[in-house]
J.: 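Submitted below is the structure of interest, expressed as structure tokens.
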Amino acid sequence: MSKVLEKCVYTQLRDYYQYWNYLTPDQSGFRPNHSTTTALLKVCNDIQAGMEQGNLTGAIFLDFAKAFDTVDHGILLEKLKNSGIGDRTLTWFQSYVSDRSQYVSISGSSSLPLPVTCGVPQGSILGPLLFTIFINDLPNVCKASTVHMYADDTVIYTSKPNLPQLEAVLQEQFTEVEKWIKNNKLFLNTDKTVTMLFGTAPKLHKLQNPHLCVGTKSNGTLTTVTSLKYLGMWLDPNLSFGPHIEKLSSKLYPKLGALYRNKSCLSPAVRKQIVQQMLMPAIDYGDVLYAAAPQTHLHKLTTLYNSLCRFALQCNYMTHHCDMSKELNWPSLESRRTLHLSSLVFKSISGKLPPYLNRLLPPAAPSSYNLRSRTSTLLAIPQYKKTVARSSFSYRAPQLWNNLPDTIKSSPSLKSLKSSLLTYLNTECTCKHVT
């Protein structure tokens with residue numbers, strides 16, 4: 001019954017905050033139509049837009065120490081009150097977070113219980129939403145930069161023409177963030193809070209010392225890194241996604257080797273299911289971001305994918321990849337990426353993507369419509385000149401969508417779009433028969 005009641009309160013509280021638009025648009029965690037992928041698309045698109053303008057982008061990736069466990073109950077209740085929650089409801093929430101205890105149990109032995117004086121209940125239905133409300137006002141202190149959050153995974157970034165201007169702004173913003181953290185009784189892990197400098201290769205090459213100098217209140221300096229795993233995606237200074245693809249390949253090949261060593265225990269149906277449900281999700285994750293990576297990087301994934309297909313079918317090395325795809329009824333990686341990106345555009349047009357992505361896909365001006373395409377929506381394509389900017393979501397998504405047949409773009413549902421698009425992409429192989 002407690003979970004049922006908690007779910008009811010969660011639904012009412014979520015709907016209340018959504019109706020009054022209290023939650024910051026810079027939070028992607030635990031919200032409908034939001035995901036780590038949408039957060040990554042937003043952050044990377046902003047960085048690539050800065051590169052198009054010839055700017056450097058500096059980012060600070062914050063690492064909170066046990067953020068969910070250090071939420072101060074008094075401050076949380078005050079923030080609920082400031083958002084219009086009534087006294088009787090506040091009394092309920094006060095009862096919800098108070099009078100809780102915890103203990104440790106190991107091998108049948110248990111410690112004495114101790115009271116929980118702070119933090120949102122772990123594993124609860126309400127906990128993530130309460131934390132989102134608690135951290136909701138963090139972007140308010142960063143007026144000269146952009147903040148994006150996925151739960152407690154927070155990045156602060158801004159773009160400037162040169163390094164001194166960039167460091168000055170980031171230092172000012174980080175000082176304000178440290179004050180906010182102290183006032184809210186949270187703790188920042190300065191050893192794991194890092195900075196990263198983004199820019200085009202020529203722009204970064206001109207710098208004698210391409211790193212950011214951002215000081216902390218303890219007179220230390222944040223570490224500058226050249227690669228970082230953010231929301232499951234490895235980022236590099238040029239957003240080439242080469243490190244991500246490299247690490248993805250090095251992660252999956254050992255798993256594939258272990259499966260080959262045990263192939264005698266696996267039936268064809270099980271082998272296929274293992275590839276589809278255990279290995280392919282890792283390749284599919286974030287593919288809408290790295291889809292425009294250099295072909296030298298993407299070819300590594302194609303080779304890996306062909307190896308997965310051979311394992312599923314137990315066929316020899318000389319079997320052509322198109323023959324394997326046809327027998328398995330699996331689309332190529334390029335087709336999968338096209339499908340995923342087209343699905344995002346369809347969701348945007350249907351109002352099922354975050355506002356920060358919807359704004360990146362405005363409709364084309366009426367004058368740009370031609371007679372053949374008036375029956376479906378055309379999207380505006382920004383006039384980017386640099387290759388790195390043309391790799392961004394705001395450029396690739398409308399370009400891909402506008403080139404699809406009207407019959408596909410006018411699909412009545414996402415399921416119908418995927419079915420039509422797979423049929424459209426499943427054309428006869430015209431490549432040369434080489435493995």
Side-chain angles (χ1 to χ4, degrees), residues 35-37 40 106-107 123 150 153 192 225-236 239-341 343 418 421-422 425-435:
S35 67
T36 53
T37 299
L40 282 163
I106 301 177
S107 302
Y150 189 90
D153 284 308
K192 294 184 178 180
V225 297
T226 54
S227 65
L228 174 76
K229 191 176 185 180
Y230 173 61
L231 299 179
M233 178 72 64
W234 283 92
L235 305 180
D236 60 279
L239 289 186
S240 69
F241 298 104
H244 177 78
I245 293 174
E246 190 68 37
K247 290 181 182 295
L248 180 60
S249 299
S250 62
K251 172 186 173 182
L252 293 184
Y253 270 119
K255 293 184 178 181
L256 180 60
L259 289 171
Y260 261 112
R261 290 191 292 271
N262 295 277
K263 63 182 180 180
S264 60
C265 306
L266 306 172
S267 66
V270 170
R271 290 197 302 269
K272 183 176 179 181
Q273 191 173 13
I274 287 175
V275 172
Q276 285 182 307
Q277 298 184 4
M278 294 182 61
L279 303 181
M280 284 309 301
I283 296 178
D284 288 340
Y285 179 73
D287 62 355
V288 291
L289 283 133
Y290 68 71
Q295 285 300 318
T296 51
H297 297 322
L298 294 178
H299 181 70
K300 295 178 182 178
L301 288 183
T302 302
T303 303
L304 171 60
Y305 181 60
N306 291 341
S307 298
L308 297 180
C309 292
R310 289 191 181 92
F311 166 74
L313 292 173
Q314 289 295 285
C315 55
N316 62 55
Y317 182 75
M318 297 304 295
T319 306
H320 189 250
H321 61 84
C322 289
D323 296 332
M324 293 189 294
S325 296
K326 184 177 181 180
E327 185 171 347
L328 290 167
N329 195 27
W330 291 354
S332 66
L333 285 186
E334 184 178 358
S335 296
R336 294 174 79 97
R337 294 191 285 264
T338 298
L339 178 65
H340 297 155
L341 188 57
S343 298
K418 290 180 177 180
L421 192 55
L422 282 174
L425 296 171
N426 189 24
T427 55
E428 186 177 352
C429 175
T430 57
C431 61
K432 296 179 181 179
H433 267 53
V434 293
T435 55

J.: Can you list the steps and then say if Arg336 with Asp287 is a salt bridge (charged side-chain N to carboxylate O under 4.0 Å, His left out)?
T.: CA-CA 9 Å; Arg336 294 174 79 97; Asp287 62 355; 5.9 Å; no
J.: Heavy-atom distance under 4.5 Å between the side chains of Lys255 and Tyr260, does that happen here?
T.: no
J.: Measure from the side-chain N and O atoms of Asp236 to the backbone N and O of Phe241, and report whether any donor-acceptor pair falls under 3.5 Å.
T.: yes
J.: Testing the basics here: between Leu266 and Arg271, what is the closest heavy-atom pair and its distance to 0.1 Å?
T.: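 Distance-wise, the nearest heavy atoms are O-NH1, 3.0 Å.
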J.: Nearest 0.5 angstrom please: Thr226 OG1 to Leu235 CG, how far?
T.: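 Here the interatomic distance stands at 11.5 Å.
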J.: Is any side-chain heavy atom of Ile283 closer than 4.5 Å to a side-chain heavy atom of Met280?
T.: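 Sidechains of Met280 and Ile283: in contact.
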J.: Hey, what do you get for CG (Leu328) to CD (Gln276), rounding to the nearest 0.5 Å?
T.: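 Here the rounded value is 8.0 Å.
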J.: Within the distance-only criterion (no hydrogens, no angle test), does the side chain of Asn329 pair as donor or acceptor with the backbone N or O of Ser325 below 3.5 angstrom?
T.: no
J.: Working to the nearest 0.5 Å, report the span between OG1 of Thr37 and CG of Leu231.
T.: 9.0 Å
J.: Under 3.5 Å, is there a donor-acceptor pair between the Asn306 and His321 side chains?
T.: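 No, no side-chain donor-acceptor contact under 3.5 Å.
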J.: What are the two closest heavy atoms between Ser227 and Trp234, and how far apart are they?
T.: OG-CZ3, 4.1 Å
J.: Working to the nearest 0.5 Å, report the span between NE2 of His320 and NZ of Lys326.
T.: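 Reported value, rounded in 0.5 Å steps: 12.5 Å.
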J.: Using atom types as modelled and distance alone, determine if a side-chain donor or acceptor of Gln314 lies under 3.5 Å from a backbone N or O of Phe311.
T.: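 A pair under 3.5 Å: yes.
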J.: Counting only N and O atoms by type, is there a donor-acceptor contact under 3.5 Å from the side chain of Ser249 to the main-chain atoms of Ile245?
T.: yes
J.: Just one of Tyr230, Tyr285, Tyr150 clears the side chain to side chain donor-acceptor pair (under 3.5 Å) bar with Thr36, so which one?
T.: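 Per the side chain to side chain donor-acceptor pair (under 3.5 Å) rule, the option paired with Thr36 is Tyr285, out of Tyr230, Tyr285, Tyr150.
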J.: Is Val288 close to Leu40 at the side-chain level, that is, under 4.5 Å between some pair of heavy atoms?
T.: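 Counting from C-beta outward, Leu40 and Val288 never come under 4.5 Å.
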J.: Is any side-chain heavy atom of Lys272 closer than 4.5 Å to a side-chain heavy atom of Trp330?
T.: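 They are in contact (side-chain heavy atoms under 4.5 Å apart), so the answer is yes.
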J.: Which atoms form the tightest heavy-atom contact between Met233 and Gly286, and what is the distance?
T.: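 In this case the closest contact between Met233 and Gly286 is CE-CA, 3.4 Å.
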J.: Does the side chain of Leu252 reach to within under 4.5 Å of the side chain of Leu256, using non-hydrogen atoms?
T.: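 A side-chain contact is absent here, since even the closest heavy-atom pair is not under 4.5 Å.
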J.: OG1 of Thr319 to CD of Glu327: how many Å apart, nearest 0.5 Å?
T.: 8.5 Å
J.: Is any side-chain heavy atom of Leu339 less than 4.5 Å from a side-chain heavy atom of Pro331?
T.: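 Not touching, per the 4.5 Å side-chain cut-off.
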J.: Is the closest side-chain heavy-atom distance between Tyr253 and Leu304 below 4.5 Å?
T.: yes
J.: How many angstroms lie between OG in Ser250 and NZ in Lys300, if you round to the nearest 0.5 Å?
T.: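 Those atoms lie 10.0 Å apart.
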J.: I need the minimum non-hydrogen distance between Ala293 and Ser240, along with the two atoms involved.
T.: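 Looking at all heavy atoms of both residues, the closest pair is CB-O, 3.4 Å.
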J.: Hey, what's the ring geometry for His244 with Tyr290, parallel, tilted or perpendicular (30° and 60° as the breaks)?
T.: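 Geometry flag for Tyr290 against His244: tilted rings.
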J.: Give a yes-or-no answer on whether the side chains of Ser332 and Ser335 include a donor-acceptor pair shorter than 3.5 Å.
T.: yes
